[in-house]
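Written below as structure tokens is the structure these notes are about.
What's counted below: heavy atoms across the whole structure, side chains too, no hydrogens, waters or symmetry copies. The sequence lines fix the lettering, A, B, ..., with proteins before strands; numbering per chain opens at 1. Because the structure is predicted, anything quoted here is derived from the model rather than measured.
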2 protein chains.
Amino acid sequence: MADINISSLSKRAMPTQTSGSAPAGEPIWDIIELLFFAYRDFVSDPDDVLAKFNFGRAHHRVLHFVNRNPGMKVADLLDVLKITKQSLGRVLKQLVDDGYVEQKEGENDRRQRLLYVTAKGETLAMKLAGLQSERIGRALAEIGPHAHDAARRFLVAMIDAESRDGVQKLIARADRARRPRP
Amino acid sequence: MADINISSLSKRAMPTQTSGSAPAGEPIWDIIELLFFAYRDFVSDPDDVLAKFNFGRAHHRVLHFVNRNPGMKVADLLDVLKITKQSLGRVLKQLVDDGYVEQKEGENDRRQRLLYVTAKGETLAMKLAGLQSERIGRALAEIGPHAHDAARRFLVAMIDAESRDGVQKLIARADRARRPRP
DNA sequence: TGAAATATGTCAACATGGCTGACATAAATA
DNA sequence: TATTTATGTCAGCCATGTTGACATATTTCA
């Protein structure tokens, strides 16, 4: 447990100033590089599992968001993933063909193909989310009581200001959908 | 300024327990998804600049680490990036041909090709690091005094235990090299 | 009702950046 | 001298992103 030696990093911090819009202090090297390494490890756990199913990261993203937002429209998914419909179409087709995702005609608007995970799809999605949650849970537990909140605040603040609201609403809505009003 | 509404998230937290190796609580959806969105935005700023130079993310990574660790061996770079020498070779060749990176014969071991950024290379590397630092600096400033430390601890803890030490040493060593002993 | 807009799908072609496998060269080392 | 090491390179494959063009069904609007 813990060869973590944080004190050795961050010689002289305080770059792009705590105050206003300072121009260009020394780059914040530690966070830049830690983000690279942390994100790489974060996505690597699912990658190993996905490989066994002949799926890649693209499939993971689709499966994840469909699992979290059952009944979402294709257009919504395109909006969340910010990829082209051709790129989405490729992986979505495989997920449907292999029985991980279903498409149902919209009730009001019959042009829509609402997306749902199948039982099989949910199992895989939850397995992958479980792996990532284990890593996150371990990390947060190592740090202390307010770690979750601190991490969330940091990550939210790293998102483009224009998208933050949308992202947070997406997350909150998915949470509500998953466990309906008590 | 601040459509950040953190309180709306995280209905019921405490998944993979604060204590030991609990098996499989509810996934930590917010962090999973925020990491996806935050990292996407984090790499998007450099992407736009790189596109103008006909470079991609792979070039960015190489340029970044060579800038941070002048004189590093090709083998070291392969180790950090965890890609094959063929993948590295492709982008490295372009960076050298275009005059962003130089290779010098090792003094002790003349088989080695030690890597250095040129003036041009440093300018670009610093510009990209500056963009990312602006985003990070803004985020940390928004949050509060201990944000940098909290973010660093979180990210370190997210890295595979076996690599943490190496990563932190890499960062610390690069910091020392950049501003030699006072 | 008929024209236009919308939601989705699909074909073709291309770029980037991973990968494997095989092989080449120069220099260090046993 | 024989072997190992550090690096480079050729050839080809795969995943996943892109653009552009076009097709189909359905809804909406004038």
task = May I ask you to verify whether the side chain of B:Arg111 and the base of D:dT7 hold a donor-acceptor pair under 3.5 Å?
result = no
message = Heavy-atom count check: over 12 atoms from other residues, nucleotides or ligands less than 6.0 Å from A:Lys120 NZ?
response = yes
Separation of atom CZ in A:Phe53 from atom P in D:dA15, rounded to whole Å = 16 Å
task = Among the candidates C:dG9, D:dT27, D:dT16, find the nucleotide nearest to the side-chain atoms of A:Ala58.
result = D:dT16
request  = Report the relative orientation of the aromatic rings in B:His60 and B:His64; use parallel for angles under 30°, tilted for 30 to 60°, perpendicular for over 60°.
outcome  = perpendicular
task = Indicate yes or no for a side-chain donor-acceptor contact from B:Arg110 to the backbone of B:Glu105 under 3.5 Å, with no hydrogens or angles considered.
result = no
request  = Starting at atom CG of B:Leu50, determine the distance to atom P of C:dA15, rounded to an integer number of angstrom.
outcome  = 19 Å
Short side-chain N/O contact from B:Gln103 to OP1 or OP2 of D:dG8, under 4.0 Å = yes
inquiry  = Is it the case that D:dG12 (base atoms only) and B:Gln86 (side chain only) share a donor and an acceptor within less than 3.5 Å, ignoring hydrogens and angles?
reply    = no
request  = Give the rounded distance in Å between these two atoms: CZ of A:Arg40 and P of C:dG18.
outcome  = 11 Å
key: Min side-chain heavy-atom separation B:Asn67-B:Leu124 under 4.5 Å   = no
inquiry  = Output the rounded distance in Å from CG (A:Asp109) to C1' (C:dA5).
reply    = 12 Å
query = Across the strands shown, which category fits B:His60 at heavy-atom distances under 4.0 angstrom: base, sugar-phosphate, nothing?
reply = nothing
key: Smallest separation among heavy atoms of B:Leu63 and B:Leu95, with atom names   = N-CD1, 4.3 Å
query = Which heavy atom of B:Ala147 sits nearest a heavy atom of B:Leu140, and at what distance?
reply = CB-O, 3.6 Å
message = Output the rounded distance in Å from NZ (B:Lys73) to P (D:dT5).
response = 12 Å
inquiry  = Tell me whether the side-chain N/O atoms of A:His59 come closer than 4.0 Å to OP1 or OP2 in D:dT16.
reply    = yes
remark   = Which of C:dC23, C:dA27, C:dG9 is nearest the side chain of A:Arg113? It is C:dG9
message = If I take atom CZ in residue B:Arg57 and atom C1' in nucleotide D:dG17, what distance separates them, rounded to the nearest angstrom?
response = 10 Å
message = With a cut-off of less than 4.0 Å, is there a side-chain N or O of B:Thr84 near OP1 or OP2 of C:dC19?
response = yes
ask   = In whole Å, what is the span from the CG atom of A:Asn108 to the C1' atom of D:dT28?
value = 14 Å
ask   = Donor-acceptor pair, A:Gln132 side chain versus A:Phe42 backbone, under 3.5 Å?
value = yes
message = On DNA chain D, does the nearest nucleotide to A:Ile83 precede the nearest nucleotide to A:Asn54 from the 5' side, or the other way round? Give the residue.
response = A:Asn54
task = Could you check how far CD of A:Glu105 sits from P of C:dG9, rounded to whole Å?
result = 12 Å
request  = Could you check which residues of residues 87-98 of chain B get a heavy atom under 4.0 Å from DNA chain C? Sort them by number, please.
outcome  = B:Ser87, B:Arg90
task = Indicate the ring-plane relationship of B:Phe65 and A:Phe37, choosing parallel, tilted or perpendicular according to the 30° and 60° boundaries.
result = tilted
query = So which nucleotide from D:dA6, D:dT7, D:dC22 ends up closest to the side chain of A:Lys85?
reply = D:dC22
